[in-house]
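Atoms considered below: every heavy atom in the structure, side chains included; atoms not considered: hydrogens, waters and symmetry mates.
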Amino acid sequence: MRAQALALLGFVTLTACGAAPSGNVDIVAATAYCEQRARAAMGPTGGVTVGFNNRSGPSAEVELGLNTDFLRGRDPMQVYDECVRRRTGFAPYRPPAL
């Protein structure tokens, strides 16, 4: 009977540990990452590069990025909140700098 109780206690402990984030979570790094995801949810990202080379002549490059959160119309604040909670296990300690 005692062995079964110890086995049950071990199972509950392992289950609880599996639900929590593993290792040390750097809240500052998690916040920075989640702010970047929230910014991407605000709209398309990208850039344009224009140049000229004396060997090959003019050149141009266009880069466009679309985030799935933006395409689904998700609120950037909600994206930030869910991301921080998922990465750290806690609510955000400050609002995002968008």
Side-chain angles (χ1 to χ4, degrees):
M1 184 67 156
R2 185 169 186 215
Q4 290 174 339
L6 287 174
L8 179 61
L9 179 62
F11 176 76
V12 170
T13 303
L14 288 175
T15 304
C17 289
S22 60
N24 294 333
V25 178
D26 182 7
I27 188 73
V28 175
T31 301
Y33 172 79
C34 294
E35 283 178 348
Q36 183 180 8
R37 287 205 50 206
R39 275 189 223 102
M42 293 175 69
T45 59
V48 176
T49 304
V50 178
F52 186 83
N53 184 327
N54 64 352
R55 290 185 182 172
S56 62
S59 64
E61 183 179 314
V62 177
E63 183 179 320
L64 178 65
L66 293 174
N67 184 288
T68 57
D69 293 321
F70 169 71
L71 293 175
R72 292 189 299 178
R74 294 190 62 206
D75 178 28
M77 294 298 285
Q78 182 183 12
V79 171
Y80 173 75
D81 184 68
E82 289 175 4
C83 177
V84 171
R85 288 177 190 272
R86 186 173 46 254
R87 292 182 77 83
T88 66
F90 300 103
Y93 69 95
R94 66 172 177 80
L98 302 177

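Here the CZ atom belonging to Arg74 is positioned 4.5 Å from the CD atom belonging to Glu82, to the nearest 0.5 angstrom. Taken to the nearest 0.5 Å, the CZ atom of Arg37 stands 6.5 Å off from the CG atom of Asn67.
By the 4.5 Å heavy-atom criterion applied to side chains, Gln78 and Asp69 are not counted as neighbours. In this structure, the side chains of Thr45 and Phe70 stay at 4.5 Å or more apart for every pair of heavy atoms. Between Pro44 and Leu64 the shortest side-chain heavy-atom distance falls below 4.5 Å. For the pair Asp81/Pro92, a side-chain contact is recorded, criterion being any heavy-atom separation below 4.5 Å from C-beta on.
Using a cutoff of 4.0 Å between basic side-chain nitrogens and carboxylate oxygens, Arg94 and Glu35 are scored as salt-bridged.
Here the closest non-hydrogen pair linking Tyr80 and Ala38 is CB-CB, 3.9 Å. Closest approach of Val84 to Cys34, counting heavy atoms only: N-SG, 3.4 Å.
Looking at Arg39, its side chain never comes within 3.5 Å of a backbone N or O of Pro76 through a donor-acceptor pair.
Linking ILVMFWY side-chain heavy atoms closer than 4.5 Å, directly or via other members, places Leu98 and Val79 in two distinct hydrophobic clusters.
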